[in-house]
Amino acid sequence: MAEASVLLLRAFVVLLAMPIYLLSFLGIWEPFCKKIFFPFFLDKLSAIHGRKTKKQKQELFRNLPDFKRPSGELKLLEIGTGCGTNFQFYPPGCKVTCTDINPNFQQSLSKSMNENQHIHYERFLVAAGEDLHQVPSGSVDAVICTLVLCSVHDVNGTIKEVLRVLRPGGAFYFLEHVAADRSSWKYFWQQVYYPTWKLVFAGCCLTREIWKDLERANFSEVKLKHISVTLPCMPIEDHIIGYAVK
């Protein structure tokens with residue numbers, strides 16, 4: 001009964017979003033989304049999400065200096081940098097390599113860089129999380145990834161790349177929205193919106209249980225907790241936050 005209801009409501013949502021499906025069929029939506037819609041949407045979402053999670057991020061990144069190498073240097077790699085909303089939380093003097101599969105965030109990214117001159121920006125790489133071949137193995141002290149694992153093509157492949165580029169003893173910091181409890185109405189509606197949401201929002205998946213992928217990965221230690229982040233009219237309330245040590 002529940003599955004039939006999900007399928008019926010999915011069809012209704014698809015009907016409402018039919019213009020976007022038509023544009024997608026004609027090959028128009030994806031380039032428009034990548035270049036214009038998604039950068040605009042992410043800029044607005046990042047501002048709201050940033051206000052809601054500021055205290056949690058301050059606490060999350062507080063121990064970043066603990067992962068400095070003996071020379072005192074701290075090299076960070078951010079996967080899916082987007083608008084650069086995390087820069088304000090990084091310790092002074094750290095060296096940051098930014099990566100994103102979408103290079104169309106220049107305006108908001110440049111603004112964030114100008115506002116956060118306390119850190120050193122080494123380079124920007126157009127790269128997917130699953131393929132960071134431009135980054136040498138064991139070369140960074142910490143990898144940061146926030147609201148990205150929902151939309152990578154391969155979560156486990158991305159985590160493997162994280163482990164490869166981290167030096168032994170380095171840390172992977174994450175803050176991601178995840179699937180709600182499977183017995184909840186929130187999960188029911190995530191299933192309903194799933195196909196259309198993924199199309200409209202550049203591959204974002206609503207029902208990934210990312211904490212399971214992290215717990216199965218070859219980290220020596222995983223510190224993870226589930227939190228709730230209420231966002232207006234959005235089915236992405238459930239989040240995980242924490243860090244894992246290689």
Side-chain angles (χ1 to χ4, degrees), residues 1-21 24 29 33 37-38 41-42 44-57 59-60 79-80 82 85 101 128-130 144-160 162 172-217 219 222-244:
M1 182 66 178
E3 289 183 8
S5 299
V6 166
L7 292 174
L8 182 63
L9 288 166
R10 271 186 184 178
F12 179 69
V13 173
V14 167
L15 189 63
L16 291 176
M18 189 54 67
I20 294 177
Y21 277 92
S24 177
W29 175 253
C33 179
F37 173 74
F38 194 66
F41 168 78
L42 190 62
K44 303 305 179 188
L45 174 64
S46 295
I48 298 170
H49 192 272
R51 288 195 296 270
K52 296 272 189 177
T53 59
K54 186 172 183 178
K55 288 184 179 178
Q56 289 95 331
K57 282 188 176 183
E59 181 62 31
L60 173 65
I79 299 175
T85 54
I101 196 171
E130 306 92 326
I144 292 91
C145 187
T146 60
L147 300 184
V148 173
L149 293 179
C150 60
S151 56
V152 298
H153 291 299
D154 181 359
V155 175
N156 289 317
T158 301
I159 293 173
K160 284 179 181 177
V162 168
F172 175 47
Y173 288 78
F174 52 85
L175 170 60
E176 301 287 342
H177 72 81
V178 294
D181 183 278
R182 291 195 176 200
S183 63
S184 68
W185 277 107
K186 287 187 292 184
Y187 185 73
F188 174 85
W189 286 107
Q190 284 178 334
Q191 289 180 292
V192 170
Y193 294 133
Y194 182 94
T196 300
W197 186 274
K198 186 176 181 181
L199 172 66
V200 174
F201 298 109
C204 175
C205 299
L206 291 171
T207 56
R208 286 184 174 173
E209 297 174 327
I210 298 169
W211 67 92
K212 294 181 179 179
D213 299 297
L214 289 165
E215 289 167 350
R216 285 193 297 260
F219 290 105
V222 178
K223 296 201 171 186
L224 178 155
K225 64 180 179 179
H226 292 255
I227 63 171
S228 179
V229 180
T230 304
L231 297 166
C233 304
M234 302 192 76
I236 54 171
E237 180 177 335
D238 293 80
H239 286 59
I240 56 170
I241 188 170
Y243 66 95

For residues [X] and [Y], report the shortest heavy-atom separation together with the two atoms involved.
| X | Y | value |
| --- | --- | --- |
| I210 | C150 | CD1-N, 4.1 Å |
| V162 | F219 | CG1-CZ, 4.5 Å |
| I159 | A217 | CG2-CB, 3.6 Å |
| Y193 | P235 | CD1-CG, 4.0 Å |
| S46 | T85 | CB-CG2, 3.4 Å |
| Q190 | A180 | OE1-N, 3.0 Å |

With a 4.5 Å cut-off on side-chain heavy atoms, are [Y] and [X] touching?
| X | Y | answer |
| --- | --- | --- |
| V13 | W197 | no |
| L214 | F172 | yes |
| R10 | Y194 | yes |
| L175 | I227 | yes |
| P195 | Y21 | yes |
| F188 | V6 | yes |
| H177 | L231 | no |
| E209 | V178 | no |

ask   = Strictly by modelled atom types, are Y173 and T146 linked by a side-chain donor-acceptor pair under 3.5 Å?
value = no
Could you tell me whether a side-chain N or O of [X] sits under 3.5 Å from a main-chain N or O of [Y], the two making a donor and an acceptor?
| X | Y | answer |
| --- | --- | --- |
| T53 | Q56 | no |
| R208 | L149 | yes |
| T158 | D154 | yes |

ask   = Is it the case that more than 12 heavy atoms not belonging to H153 sit under 6.0 Å from its NE2 atom?
value = no
ask   = Does a sphere of radius 6.0 Å around CZ in F41 hold more than 12 heavy atoms from other residues, nucleotides or ligands, not counting ones at 6.0 Å or beyond?
value = yes
message = Under 4.0 Å between a side-chain nitrogen and a carboxylate oxygen: does that hold for E237 and K52?
response = no
inquiry  = Please report the interatomic distance NZ(K186) to CG(L206), rounded to the nearest 0.5 Å.
reply    = 13.0 Å
task = Quick one: pull up CG in L147 and CD1 in I236 and give me the separation to the nearest 0.5 Å.
result = 6.5 Å
